[in-house]
Amino acid sequence: MKRILAGILVLTLVFSLAGCALLGGNKKLTEFHDKVAESQELLDDIADDVYSNWHGAIYDDEFNENINLAIASAMADHEADLDRIEVLDGEIAELFKSVKDDKECGSIIKEVMSAYSDYYEFVVNVSGSFNSFSASKETLKKELASTLKDLSYEL
């Protein structure tokens with residue numbers, strides 16, 4: 001009896017993983033992954049420059065010690081990247097609508113979208129203190145990278 005239950009459990013696991021792996025052939029899921037990854041790279045660059053400028057304004061007497069000027073300067077330096085991220089964000093939202101309800105991979109897809117949305121809002125709408133920005137930047141960056149990695153295993 002235990003062997004039968006173990007066999008059923010193994011078969012269930014194999015079929016559930018195979019279902020998601022079969023979805024890997026899904027062009028929209030691959031496109032969703034790739035666009036989120038591209039957006040993350042751009043967001044990482046912006047977040048790192050905001051951090052650097054903010055740090056410079058506080059500790060290195062840069063930007064006339066004006067934090068708002070430091071952040072605005074980083075954003076201005078990445079104007080083209082911000083435009084690209086805005087386009088990607090719209091494309092990601094549309095792709096998410098078509099892949100979110102997948103029975104096999106839906107939970108991973110939703111985790112990626114949640115992590116992406118949190119990181120996007122954090123970088124595009126900078127707020128808080130330098131310490132909170134510093135702590136959240138790495139946490140949100142790692143969370144998105146981790147969920148994207150989990151999704152990539154399913155592709």
Side-chain angles (χ1 to χ4, degrees), residues 16-155:
S16 67
L17 291 176
C20 198
L22 289 174
L23 181 64
N26 184 327
K27 182 179 176 187
K28 287 188 178 195
L29 182 58
T30 301
E31 189 176 357
F32 172 77
H33 174 276
D34 293 347
K35 288 185 184 294
V36 172
E38 179 184 351
S39 186
Q40 181 187 10
E41 287 180 29
L42 296 170
L43 290 167
D44 287 349
D45 288 343
I46 295 167
D48 290 345
D49 284 353
V50 167
Y51 172 86
S52 178
N53 285 8
W54 201 337
H55 184 275
I58 294 172
Y59 299 107
D60 300 329
D61 298 327
E62 295 174 0
F63 303 98
N64 294 322
E65 299 179 3
N66 184 328
I67 294 166
N68 292 328
L69 180 60
I71 295 168
S73 176
M75 294 301 203
D77 289 346
H78 289 279
E79 187 176 340
D81 292 339
L82 287 164
D83 290 343
R84 177 66 183 144
I85 289 167
E86 186 176 341
V87 169
L88 285 168
D89 187 57
E91 293 172 352
I92 289 166
E94 285 301 311
L95 287 165
F96 177 69
K97 288 177 187 176
S98 65
V99 297
K100 71 178 180 174
D101 292 326
D102 178 74
K103 290 179 182 15
E104 302 299 330
C105 298
S107 64
I108 295 171
I109 294 164
K110 290 173 185 169
E111 288 174 20
V112 168
M113 190 62 182
S114 177
Y116 165 75
S117 296
D118 291 346
Y119 192 43
Y120 172 89
E121 284 301 318
F122 173 77
V123 173
V124 172
N125 299 309
V126 176
S127 64
S129 69
F130 178 71
N131 289 335
S132 68
F133 183 85
S134 300
S136 296
K137 178 176 84 79
E138 289 306 313
T139 301
L140 292 170
K141 184 188 291 191
K142 288 176 183 175
E143 185 177 321
L144 179 54
S146 176
T147 58
L148 268 176
K149 185 176 180 182
D150 291 345
L151 181 58
S152 70
Y153 289 145
E154 303 301 334
L155 297 177

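Closest approach of W54 and S127 over heavy atoms only: CH2-O, 4.4 Å. Of all heavy-atom pairs between Y116 and I85, the closest is OH-O, 4.5 Å. When all heavy atoms are compared, the tightest approach of L82 to M75 is CD1-O, 3.6 Å. Nearest heavy-atom pair, L29 versus V99, reported as atom, atom and distance to 0.1 Å: N-CG1, 3.9 Å. Contact detail for K110 and K100: the closest heavy-atom pair is CE-O, 3.2 Å. Annotation for F96 and M113: closest pair CE1-CB, 3.5 Å, computed over non-hydrogen atoms.
Between the side chains of H78 and D49, at least one donor N or O sits under 3.5 Å from an acceptor N or O.
Interatomic distance, CG of N66 versus CG of N53, reported as 11.5 Å (0.5 Å rounding). For the atom pair OG (S117) and CG (L140), the distance works out to 11.5 Å, reported to the nearest 0.5 Å. For the atom pair CG of D89 and CG of L43, the computed distance is 9.0 Å after rounding to the nearest 0.5 Å. To the nearest 0.5 Å, the span separating CD on E62 from OG on S52 amounts to 7.0 Å. Atom OH in Y120 sits 10.0 Å away from atom CG in L88 (nearest 0.5 Å). For the atom pair H33 NE2 and I92 CD1, the distance stands at 11.0 Å (nearest 0.5 Å).
Within 6.0 Å of atom CD in E138, more than 12 heavy atoms from other residues, nucleotides or ligands are found, so the atom counts as buried in its surroundings. When the shell of 6.0 Å around CG of N64 is examined, it contains 12 or fewer heavy atoms from other residues, nucleotides or ligands.
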Exercise. Would you please test K97 and E94 for salt bridge (charged side-chain N to carboxylate O under 4.0 Å, His left out) and show each step?
Key: CA-CA 5 Å; K97 288 177 187 176; E94 285 301 311; 3.2 Å; yes
Quiz prompt | Audit row: D44, Y119, side chain to side chain contact (heavy atoms under 4.5 Å, CB included) steps and yes/no | solution = CA-CA 9 Å; D44 287 349; Y119 192 43; 2.5 Å; yes
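You'll find the side chain of L151 stays beyond 4.5 Å of the side chain of V36, heavy atoms only. For the pair E91 and E31, the minimum side-chain heavy-atom distance is 4.5 Å or more. Residues K137 and D48 meet the side-chain proximity criterion, which asks for heavy atoms closer than 4.5 Å. Within the 4.5 Å cutoff, no side-chain heavy atoms of I109 are placed close to those of E154. With contacts defined as side-chain heavy-atom distances shorter than 4.5 Å, the pair F130/Y59 qualifies.
Results of the side-chain hydrogen bond (donor to acceptor under 3.5 Å, both in side chains) test with S132 over S136, S134, S129 single out S129 as the only residue that passes.
Side-chain atoms of T147 come within 3.5 Å of backbone N or O of E143 as a donor-acceptor pair. At least one donor-acceptor pair under 3.5 Å links the side chain of S152 to the backbone N or O of K149.
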